[in-house]
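So the structure is just underneath, and the comments pick up after that.
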Amino acid sequence: MTTIYLVRHGQASFGQMNYDELSALGVTQAKILGQHFKHIFTKQPYIVSGSMKRHQQTTQISLKECFPEASYRTDELWNEFNHQQVFSLYEPRFAQPELLKQDIFKETDPRTYLAQVFDKAIIRWADETFHHEYDESWPMFKTRVEKALQSLCKELADQRPEEAVVFTSGGVISVILGKLLELNVQRTFALSWSIANTSITSLKLTNGEIQLMSMNEHQFIKASNPELLTWF
């Protein structure tokens, strides 16, 4: 049996031209994650990271706290979908991330407003009428994530580590949860709003079968400082 820990990256630079970089808060979250790993792992796990900068930064910062000499494998199959394109094809103004950020923080409840915009953008992305407009359609993204998980399971079956950690994104984790829980696309992405930055979702791999053990563990962040807890 292998326990797989799916880790969402630390807070990225939302509303900036380059979203794909950890914010100062995201760096702090990654350090706390690494300190948490130091407590729960007795030996180095098998480690995989998406190739996006926020994945790599979260991986490197957290590993420095627990396994500074550790090596890991980078796999772009674990990368997030292009959320900025999904937003901009729903509302052309949002091609400028700062305009989306402005709209969000005008609201009395920014997180609810962003969730509403995101939900409508996802519905459009999932509509086969518009698939040709996206660099990666919803079916393509779903297939890629499932391939990433299948490939990982094959590696783990061959190498048989007790534990494995994958640094990835909320959308990827949501797709895996959606597959395991047999959810439709809307319910799948509704999950992403509860997946906190640097939270941990645990799976158990036994004889080629995957079982969900826990979702969105983030108490270690909250215990350090509740103000460090973020979802976007």
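Source: prediction; values computed, not measured.
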Ionic contact status for R73 with D75, cut-off 4.0 Å: yes
same_hphob_cluster(I123, L114) at 4.5 Å side-chain heavy-atom cutoff: no
Full working for side-chain contact (heavy atoms from CB on, under 4.5 Å) between I173 and V7: CA-CA 8 Å; I173 296 170; V7 177; over 6 Å; no
Aromatic plane relationship, F141 with W138 - under 30° parallel, 30 to 60° tilted, over 60° perpendicular: tilted
Flag, side chain of E80 to backbone of S169, donor-acceptor distance under 3.5 Å: no
Shared hydrophobic cluster, F87 / M52 (ILVMFWY, side-chain heavy atoms < 4.5 Å): no
Within 6.0 angstrom of Q159 CD, more than 12 heavy atoms from elsewhere: yes
E91 side chain to R93 backbone, donor-acceptor under 3.5 Å: yes
Within one Ile-Leu-Val-Met-Phe-Trp-Tyr cluster: I40 and F167, side-chain cutoff 4.5 Å: yes
E21 backbone acceptor or donor facing R54 side chain under 3.5 Å: no
Flag if over 12 foreign heavy atoms under 6.0 Å of CZ, R187: no
Within-4.5 Å side-chain heavy-atom neighbours: Q84 and F94: no
Side-chain ion pair, E133 and R124, N-O less than 4.0 Å: yes
Under 3.5 Å side-chain donor-acceptor pair for T59 and Q56: no
T108 vs Y113 side-chain heavy atoms within contact, under 4.5 Å: no
S23 versus Q11, side-chain donor and acceptor atoms under 3.5 Å: yes
Validation row: T188, L177 side chains within 4.5 angstrom (heavy atoms): no
Side-chain donor or acceptor of T143 paired with backbone N/O of M140 under 3.5 Å: no
Distance-only donor-acceptor check, side chains D135 and Q85, under 3.5 Å: yes
Stepwise ring pair (Phe, Tyr, Trp, His ring centres under 6.0 Å) check, F189 with F81: CA-CA 12 Å; F189 279 97; F81 67 95; 5.6 Å; yes
Side chain proximity check, S174 to I195, heavy atoms < 4.5 angstrom: yes
Side chain to side chain, L77 and K147, heavy atoms closer than 4.5 Å: yes
Pairs touching residues 223-232 that satisfy side chain to side chain donor-acceptor pair (under 3.5 Å), sequence neighbours left out: Q29-T230, N197-T230
Residues that W78 engages under ring pair (Phe, Tyr, Trp, His ring centres under 6.0 Å), provided they are two or more places apart: none
Separation between NZ of K64 and CD of E69, rounded to the nearest 0.5 Å: 11.5 Å
Student check: side-chain heavy atoms of H131 and P139 closer than 4.5 Å: yes
Salt bridge K53-D20, side-chain N to carboxylate O under 4.0 Å: no
Side chain proximity check, Y5 to E163, heavy atoms < 4.5 angstrom: yes
Salt bridge (charged side-chain N to carboxylate O under 4.0 Å, His left out) contacts in which one or both residues fall within residues 29-44, not counting sequence neighbours: K43-E162
Exercise: do N216 and S199 side chains pair donor with acceptor under 3.5 Å: yes
Qualifying ring pair (Phe, Tyr, Trp, His ring centres under 6.0 Å) pairs, either residue in residues 207-227, two or more places apart: H36-F220
Side chain T2, main chain P161, donor-acceptor under 3.5 Å: yes
Test side-chain contact (heavy atoms from CB on, under 4.5 Å) applied to V86 and Y134, step by step: CA-CA 8 Å; V86 170; Y134 297 89; 4.3 Å; yes
Those residues that, when tested against F37, pass ring pair (Phe, Tyr, Trp, His ring centres under 6.0 Å) (two or more places apart): F41
Those residues that, when tested against Y90, pass ring pair (Phe, Tyr, Trp, His ring centres under 6.0 Å) (two or more places apart): none
Cluster overlap V172 with L156, hydrophobic side-chain contacts below 4.5 Å: yes
Sub-4.5 Å side-chain heavy-atom contact between L6 and L203: yes
Full working for side-chain contact (heavy atoms from CB on, under 4.5 Å) between I210 and L149: CA-CA 10 Å; I210 298 175; L149 184 60; 3.6 Å; yes
ILVMFWY cluster, I176 and L205 together (side-chain gap under 4.5 Å): yes
S202 side chain to E217 side chain, donor-acceptor N/O pair below 3.5 angstrom: yes
